[in-house]
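Only one structure is covered here, and it is reproduced in the block below.
Note on naming: letters A, B, ... go to the chains in the order of the sequence lines (proteins, then strands), and numbering restarts at 1 for each one.
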2 protein chains.
Amino acid sequence: MPKPTLFGAIERPRSLPDEVAQSVMSAIATGALKPGDKLPSEAELSANFNVARTVVREAISLLKFDGVVDSRRGVGAFVANREERTSFRISPACFEKRREIIKLLQLRTSVQSGAAALAAELRSDTQMEVIEAVLQELLVANAKGPEDALEERVEAELRLYRLITAASENEYFCDVVNMIEANIQNYLRSAFMKNAAASEFEPGAIMEHKAVVAAIKNKAPEAARAATRTRFTNASNSLAARQDFA
Amino acid sequence: MPKPTLFGAIERPRSLPDEVAQSVMSAIATGALKPGDKLPSEAELSANFNVARTVVREAISLLKFDGVVDSRRGVGAFVANREERTSFRISPACFEKRREIIKLLQLRTSVQSGAAALAAELRSDTQMEVIEAVLQELLVANAKGPEDALEERVEAELRLYRLITAASENEYFCDVVNMIEANIQNYLRSAFMKNAAASEFEPGAIMEHKAVVAAIKNKAPEAARAATRTRFTNASNSLAARQDFA
DNA sequence: GATTAGCAGTTGTCTGACAACCTACATTGT
DNA sequence: ACAATGTAGGTTGTCAGACAACTGCTAATC
């Protein structure tokens, strides 16, 4: 039996390196540390935060990994230019303001549209079969209505567009979509998001899904691109238009 | 006087944590380590690689940071599912095969098109003035021809599309475009790429740039989107069609 | 038989030390 | 005076060992 959520999840203390890294990161974000500035030495940071130098080192190494800082042995660590960052990641902070979610969905719309167009061009027949099967699952789940099959339907939709992206034969599209989805899934398991998902049980949304799949089946890249954009733009708009949207 | 390249750049030994991280990463990529598998303990890894445990710890912490592995105190570190990765980054390896560059440019085309559409919608008048000024710079540099102003022209083009992206008022687009550009700039300073850039000194390319800017000026999102896609698709195609493209 | 206590193994953090390296200044030779 | 050289101090990179916090399992205990 699934454990009832009797107690709220306790917040486990995050690791020290993460906290140090985030602290330095926010100093950079707020402009307290500008590109080119020298970070305090590891010894100083270690004293300031009252942690061991190994902790500081791990924190700095994370920032280096993303190209946020650049350290030179014997000299020090410096804040890099914003254009030199070598990774794209979504900060948890962005989920605090719901306005930010819209921006994230805008990016996803763009990427997903491009992936759909490529998929329409490059898909194999077996990939097409799987995509159509998942669409069928989505239709079945949708017919059950929001009360019975919400999770099932959301999961099917997720899988559908993952498969479409995979059919683009371009791992970069897959990675970006994956990451955006992962972040949304992680941070937005809220009642708000469930309500939003439930509101997608409409004939219109289903028609749009069908249009996307049909275009890919017909090997019509431009149609697939347009249909995908329509679908995701509508989803984003209906989210923004909700009463409970802060 | 600029030092003549008498000696080739010596290859400095990369940091040990990076090497360990990459080694583990490639073990995951090749499937030697599958999602859910337990990594060897830090002590074992430290013995295998013949490095200190701090080095192994830094390496693991990098992978954790990207959501590639997940470690639990008292238990061990485990390979995470591919869908749980929390960052998008471009591996240097992808520049070894030029085929991969095309895929990267496909992604960039998608993102840049979306950004242009948003920019057409949201741009301010002052932003527009700056964009037009940079376009003018580009035209001037272009008139000088490939021999005299190659760097200048490439730089202007870069700045132009950065500004357009910034006008979208969506930092996610900026970050993705920034990162892709940074990687291309870092790894592709080769003669090959210079030749490719030189081949962009054509009337057609210029016309396409103008079309993008005009659409943004007219606040025509769809036109901006289409023009941008045309421009970048053509650039990608002409790159792929080159003789020296492996 | 169920509960509890302990044990071995693992990750997280701390401490101290040394190596590799850079910068700036002093030293020296011309 | 000036250039080359050496030296000292500071910083990052790596190493080694220790202990704390935690987990899963096993054996002892009631």
Can you name the atoms? Protein N/O to nucleotides 16-18 of chain D N/O, anything below 3.5 Å, with the distance.
unit_1: D:dA18; atom_1: N6; unit_2: B:R53; atom_2: NH2; d: 3.3

- Message: Judged by each residue's nearest nucleotide on DNA chain C, which is more toward the 5′ side, B:S41 or A:V55?
- Response: B:S41
- Sequence-distant partners of B:T30, side-chain hydrogen bond (donor to acceptor under 3.5 Å, both in side chains), two or more places apart: none
- Message: Pick the closest DNA chain C nucleotide for A:L16 and for B:E44 by heavy atoms, then say which residue is nearer the 5' end.
- Response: B:E44
- Message: Nearest 0.5 Å, please: how far is CZ in B:R89 from OG1 in A:T86?
- Response: 5.0 Å
- Considering residues at least two apart in sequence or located in another chain, which fulfil the salt bridge (Lys or Arg N to Asp or Glu O under 4.0 Å) criterion with B:D175? A:R82
- Message: How close do A:K34 and A:V79 get, counting heavy atoms only, and between which atoms?
- Response: O-CB, 3.4 Å
- Whole-Å distance, B:E42 CD to C:dG12 P, equals 6 Å
- Message: If you apply the rule salt bridge (charged side-chain N to carboxylate O under 4.0 Å, His left out), what do you find for A:E181 with A:R162, and how did you get there?
- Response: CA-CA 10 Å; A:E181 280 297 342; A:R162 258 201 237 278; 5.8 Å; no
- Strand contacts (DNA chain D) in residues 57-72 of chain B, 4.0 angstrom heavy-atom criterion: none
Side chains of residues 39-48 of chain B: which donor-acceptor partners sit under 3.5 Å, not counting sequence neighbours?
unit_1: B:S41; atom_1: OG; unit_2: B:E44; atom_2: N; d: 3.2
unit_1: B:E42; atom_1: OE1; unit_2: B:R53; atom_2: NH1; d: 2.4
unit_1: B:E42; atom_1: OE1; unit_2: B:R57; atom_2: NH1; d: 3.4
unit_1: B:E42; atom_1: OE2; unit_2: B:R57; atom_2: NH1; d: 2.9
unit_1: B:S46; atom_1: OG; unit_2: B:V51; atom_2: O; d: 2.9

- Task: Indicate yes or no for a side-chain donor-acceptor contact from B:S236 to the backbone of B:F232 under 3.5 Å, with no hydrogens or angles considered.
- Result: no
- Message: Within the 4.0 Å heavy-atom criterion, would you say B:A77 contacts the bases, only the backbone, or no part of the nucleic acid?
- Response: sugar-phosphate
- Within 45° of the six-membered ring axis of A:Y172 and under 6.0 Å from that ring's centre, is NZ or CZ of B:R108 located there? no
- Query: Backbone N or O of B:T109 within a donor-acceptor pair of the B:S113 side chain at under 3.5 Å?
  - Reply: yes
- Item | Under 3.5 Å donor-acceptor, B:N170 side chain and A:K103 backbone | yes
- To the nearest Å, give me how far apart CZ (A:F49) and P (C:dT13) are. 14 Å
- In whole angstroms, the gap separating P of C:dC22 from CZ of A:F78 amounts to 12 Å
- So, A:E137 and A:R153, do they make that salt bridge, N to O below 4.0 Å? no
Detail all sub-3.5 Å separations between protein N/O atoms and N/O atoms belonging to nucleotides 5-10 of chain D.
unit_1: D:dG10; atom_1: N2; unit_2: A:G74; atom_2: O; d: 3.1

